[in-house]
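To keep things clear, I will list the structure first and then write my remarks on it.
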Amino acid sequence: MHSDDTAFVIIDVQNDFCSGGALAVPGGEEVIPRINALQADFAVRVLTQDWHPVTHSSFASNHDSGQPFSVIEMEYGPQVLWPVHCVQGSNGARFHPDLETDPADVIIRKGFRPAIDSYSAFFENDHATPTGLEGYLNRRGVRNLVMAGLATDFCVRFSAVDAARLGFRVTVLEGACRAIDLDGSLAEARADMRAHDVEIAP
Ligand code: VGL
Ligand code: ZN
């Protein structure tokens with residue numbers, strides 16, 4: 001059992017990020033058994049859920065010339081255009097059926113504003129609009145975070161780096177994550193996490 005001030009943050013283990021999903025991360029569902037087994041070791045458990053309106057600006061289909069996996073410039077910076085995924089209320093947006101969700105204390109939904117994407121569990125991609133998770137964790141006295149889930153190089157990376165910037169001590173369980181690995185994004189994610197003192201554990 002970890003100390004009471006340590007939370008397990010489980011990122012986006014949803015159908016669309018697993019095999020057969022709209023934005024399947026290779027081996028996505030392989031993280032589930034370990035994540036399920038670890039949950040009992042934590043006093044605080046957080047789930048995040050990517051949760052987009054069908055009009056979302058990160059969807060390639062909502063841009064005239066946007067191809068999936070191309071990058072465009074948004075007001076808040078570069079944005080990868082994704083296939084339609086994790087649409088609010090759809091089966092793809094549901095947690096994978098094998099993920100144990102009953103132990104969760106809180107579920108943070110993100111990416112619900114049409115005009116802005118949100119990889120991080122803490123801030124949307126403008127790095128300014130908060131999701132509220134920081135306040136939740138602070139009010140519960142949490143200082144340390146252990147993270148796992150999907151995808152290593154997008155939502156896990158930005159959640160871990162934001163958390164470290166906010167002053168949490170962060171460990172990413174890389175073996176309980178899987179990556180999209182788009183144009184070197186996994187190597188970049190590892191370097192970014194290390195540069196922000198995120199511990200990368202197996
Ligand atoms: C994610 C791309 C788009 C993720 C979410 O969970 O890593 N990636 N939306
Ligand atoms: Zn998304």
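Order of listing sets the numbers, starting from 1, for every ligand and every atom in it.
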Measure from the Zn ion (ligand 2) to each N, O or S atom of H56 and report whether any distance is below 2.8 Å.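 Within the cut-off used here (under 2.8 Å), H56 places no N, O or S atom near the Zn ion (ligand 2).
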Counting backbone and side chain alike, does C86 bring an N/O/S atom below 2.8 Å of the Zn ion (ligand 2)?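 No, C86 does not qualify, because none of its backbone or side-chain N, O or S atoms lies under 2.8 Å.
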Looking only at heavy atoms, which two atoms of R178 and G175 are closest? And how far apart? NH1-O, 3.1 Å
Measure across S159 and C155 and return the closest heavy-atom pair with its distance rounded to 0.1 Å.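 Closest pair (atom of S159, atom of C155, distance): OG-O, 2.6 Å.
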Could you tell me whether some N/O pair between Y119 and ligand 1 is separated by less than 3.5 angstrom? no
Is the backbone of V44 close enough, under 3.5 Å, to the side chain of H2 for a donor and an acceptor to pair up by distance? no
Are the side chain of H96 and the backbone of N15 linked by a donor-acceptor contact shorter than 3.5 Å?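 Side chain of H96 to backbone of N15, a donor-acceptor pair under 3.5 Å: no, none is there.
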Tell me if the CG atom of D41 is crowded by more than 12 foreign heavy atoms within 6.0 Å. yes
Counting only heavy atoms, tell me which of C177, A151, P83 gets closest to atom 7 (O) of ligand 1. A151
Could you tell me if H52 and D50 have a donor-acceptor pair between their side chains, going purely by distance under 3.5 Å?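 The criterion, which ignores hydrogens and geometry beyond distance, is satisfied for H52 and D50.
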When you compare the side chains of R45 and Q39, does any donor N or O come within less than 3.5 Å of an acceptor on the partner?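 R45 vs Q39: no donor-acceptor pair found between side chains.
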Of all the non-hydrogen atoms in the protein, which one sits nearest to [atom], and at what distance?
| atom | value |
| --- | --- |
| atom 8 (N) of ligand 1 | F154 CB, 3.9 Å |
| atom 1 (C) of ligand 1 | C155 SG, 3.3 Å |
| atom 5 (C) of ligand 1 | D50 OD2, 3.2 Å |
| atom 6 (O) of ligand 1 | D12 OD2, 2.7 Å |

Shortest-distance N, O or S atom of D50 relative to the Zn ion (ligand 2):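 Considering only N, O and S atoms, D50 comes nearest to the Zn ion (ligand 2) through OD2.
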Any atoms of ligand 1 less than 4.0 Å from a non-hydrogen atom of F17? List them with their elements.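 Atoms satisfying the 4.0 Å criterion: 1 (C), 4 (C), 5 (C), 6 (O), 9 (N).
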Contact with ligand 1 for Q14, non-hydrogen, under 4.0 angstrom: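 Under 4.0 Å: no for Q14.
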Are H85 and F59 near enough that their ring centres are under 6.0 Å apart? yes
Record the part of L150 in heavy-atom contact with ligand 1 below 4.0 Å; permitted values are side chain, backbone, both and neither. backbone
